[in-house]
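The block underneath contains the structure these notes are about, expressed in structure tokens.
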Amino acid sequence: MWKDIQEAPADAILGLTEAFKNDTNPDKVNLGVGVYKDEQGLTPVLKCIKAAERVLVDEQDSKGYLPMTGSPSYAANVQKLLFGAESEVISSRRAATAQTPGGTGALRVGADLLNKFKPEATLWVSTPTWANHKGIFSSAGFKIGDYPYYNPATRGVDFDGMLECLSAVPTGDIVLMHVCCHNPTGVDLTDDQWDQIVAIAVDKGWTPFLDFAYQGFGDSLESDRDAVEKFAAAGIDFYVASSFSKNFGLYNERTGALTVVSPTAEESKVAMSHLKVAIRTNYSNPPAHGGLAADGVLNDPTLYAQWVDEVAEMRVRIKEMRQALVDGLAARGVEQDFSFIAEQRGMFSFSGLSDEVVAWLKENKAIYIVKGGRINVAGLTPSNIDYVCDAIAVALKA
């Protein structure tokens, strides 16, 4: 079957990780893969998760299937994080939430559900966006459109261009947006800008699809959901794909959720019925362990408080590494102004490094960065920051 078929190209990010693993340079640094690293360069299991897992080991008495939409308790806790415990969306039952295999699973199930009823719609993504977004939605059958987002000249949002484009998106199309900690740029919208985007969505009648993978990594668990609350208050249909990979460190447990918000409880019930069909034909029901562990934390006041502290520790460490990179490059006499990196939010940064510099760093210093200059700031540690700053300073002068 395969003798006349060409090999598929490697994934831009996961392929880079494979190359990193095969590199024998003892000083190698991976700033490509999108996972959090602690000061030792490890992706830790959170202490609150360890505690919840011990309870699971002692008390769990079955490995039977979860319902198609996962644990009801998990879904309820996801909604509290998305909207706030006292939200009208929750009390009026306007939201239907299903546990999914990570944020990627949530995006794909949402794409399948939308494509069933909007097969002629175009799915709009930001320029740039997470590398897998276009693949997920095009595989589900959507045409892909692009709207302006990042302005390389200002290192900020091209908001005028974004507004102009979204104002022309046809009724019935879908617009995918990052709630916070935009991947790959690290540049986010302000509250006032979100208000304008919500107003356009209401006026033009396109469907917002919010990708919420980094709650807690921007400013706080509560303030990072501001955009979600704004769309909820508008009373329109919209989708939220959320993930516990980052803020719970549950990367390999594939723990996420898809939430479909409707104007009424009756419509939400209909949405859930079709959501179940989409899940059944994808994976039948979600993996249990990560969701049960997260739910254990969210249901226990002591563990919840511990989790809030651990998320804050991760957020603070990332911000410290941002500042250390800016200061380190300035201290080495680099003329280019990198101060914008300290203003970005979340794990990722459009660093401003050219593809030529990225290639030089990989070839000569075993520093792995995604083409386009996107770096995972969480891959920087106290033990490698000087090496990275030295290497970038040399590369920029080469």
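In this structure, Phe348 and Pro184 approach most closely via the heavy-atom pair CB-O, 3.7 Å. When all heavy atoms are compared, the tightest approach of Pro148 to Cys165 is CD-CB, 3.6 Å. Of all non-hydrogen atoms in Leu56 and Ala293, the two that sit nearest each other are CD1-N, 3.8 Å. The shortest heavy-atom contact between Ile367 and Ala391 is CD1-CB, 3.5 Å. Nearest heavy-atom pair, Arg345 versus Asp224, reported as atom, atom and distance to 0.1 Å: NH1-OD1, 3.9 Å.
The environment of CD in Gln60 is crowded: more than 12 heavy-atom neighbours from other residues, nucleotides or ligands sit within 6.0 Å. Atom NZ of Lys143 sits in a crowded spot, with more than 12 heavy atoms from other residues, nucleotides or ligands closer than 6.0 Å. Around the NZ atom of Lys116, the shell of radius 6.0 Å holds more than 12 heavy atoms that belong to other residues, nucleotides or ligands. With a 6.0 Å radius and a threshold of 12 heavy atoms from other residues, nucleotides or ligands, Tyr65 has its OH atom at or below the threshold.
To the nearest 0.5 angstrom, Leu176 atom CG is 7.5 Å from Ser126 atom OG. To the nearest 0.5 Å, the span separating OG1 on Thr185 from CZ on Phe340 amounts to 11.0 Å. Atom CD of residue Glu335 and atom CG of residue Leu329 lie 13.0 Å apart, to the nearest 0.5 angstrom. A distance of 12.0 Å separates CD in Glu53 from CG in Asp58, rounded to the nearest 0.5 Å. Here the CG-CG distance, from Leu166 to Asp203, works out to 12.0 Å after rounding to the nearest 0.5 Å. Atom CG in Leu123 sits 4.5 Å away from atom CZ in Phe137 (nearest 0.5 Å).
Taking the six-membered ring for Trp and thresholds of 30 and 60 degrees, His182 and Tyr149 have nearly parallel ring planes, at less than 30 degrees apart.
Clustering ILVMFWY residues whenever any of their side-chain heavy atoms sit less than 4.5 angstrom apart, transitively, puts Tyr36 in the very cluster that holds Val388. Under the 4.5 Å side-chain heavy-atom criterion for grouping Ile, Leu, Val, Met, Phe, Trp and Tyr, Ile144 is not connected to Tyr150 through any hydrophobic cluster.
For the pair Arg315 and Phe217, the cation-pi criterion (under 6.0 Å, within 45° of the ring axis) is not fulfilled.
Ion pairing between Asp146 and Lys134 holds under the 4.0 Å rule for side-chain N and carboxylate O. Salt bridge Asp112/Arg108: present, at least one basic N to carboxylate O contact under 4.0 Å. One finds a salt bridge joining Lys230 and Asp195 here, because a Lys/Arg side-chain nitrogen approaches an Asp/Glu carboxylate oxygen to under 4.0 Å. Using a cut-off of 4.0 Å between Lys/Arg side-chain N and Asp/Glu carboxylate O, Asp27 and Lys365 are scored as not salt-bridged. With respect to the salt-bridge test (charged N to carboxylate O, under 4.0 angstrom), the residues Lys28 and Asp23 do not qualify. Contact check on Asp237 versus Arg94 returns no salt bridge, with no Lys/Arg side-chain nitrogen under 4.0 Å from an Asp/Glu carboxylate oxygen.
Remark: side-chain polar atoms of Gln99 are paired, donor with acceptor, to backbone N or O of Ser71 under 3.5 angstrom. Using a distance-only test at 3.5 Å, with no hydrogens or angles considered, no donor-acceptor pair links the side chain of Asp173 to the main chain of Val169. Side-chain atoms of Thr171 come within 3.5 Å of backbone N or O of Lys204 as a donor-acceptor pair. Although no hydrogens or angles enter the test, the distance criterion places no donor-acceptor pair under 3.5 Å between the side chain of Arg254 and the main chain of Pro287. Side-chain N or O atoms of Arg332 include one that pairs as donor or acceptor with a backbone N or O of Gly328 at under 3.5 Å. Judged purely by atom type and a 3.5 angstrom limit, Asn282 uses its side chain to pair as donor or acceptor with the backbone of Ala278.
Residues Ile49 and Trp307 form no side-chain contact, since every pair of their non-hydrogen atoms from C-beta on lies 4.5 Å or further apart. Using a 4.5 Å heavy-atom cutoff, the side chains of Tyr304 and Asp309 are not in contact. Here the side chains of Met314 and Leu46 are in contact, with some heavy-atom distance below 4.5 Å. The side-chain heavy atoms of Thr381 and Glu39, taken from C-beta on, include no pair separated by under 4.5 Å. Side-chain contact between Asn183 and Tyr214 is present, with heavy atoms from C-beta onward closer than 4.5 Å. The side-chain heavy atoms of Leu353 and Leu361, taken from C-beta on, include a pair separated by under 4.5 Å. Side-chain contact between Trp194 and Phe231 is present, with at least one heavy-atom pair separated by less than 4.5 Å.
Test His274, Met272, Arg280 against Lys276 for side chain to side chain contact (heavy atoms under 4.5 Å, CB included) and you get one pass: Met272.
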Item to check | Ser243 vs Ser245, side-chain hydrogen bond (donor to acceptor under 3.5 Å, both in side chains): CA-CA, chis, key distance, verdict | outcome: CA-CA 6 Å; Ser243 171; Ser245 292; 3.3 Å; yes
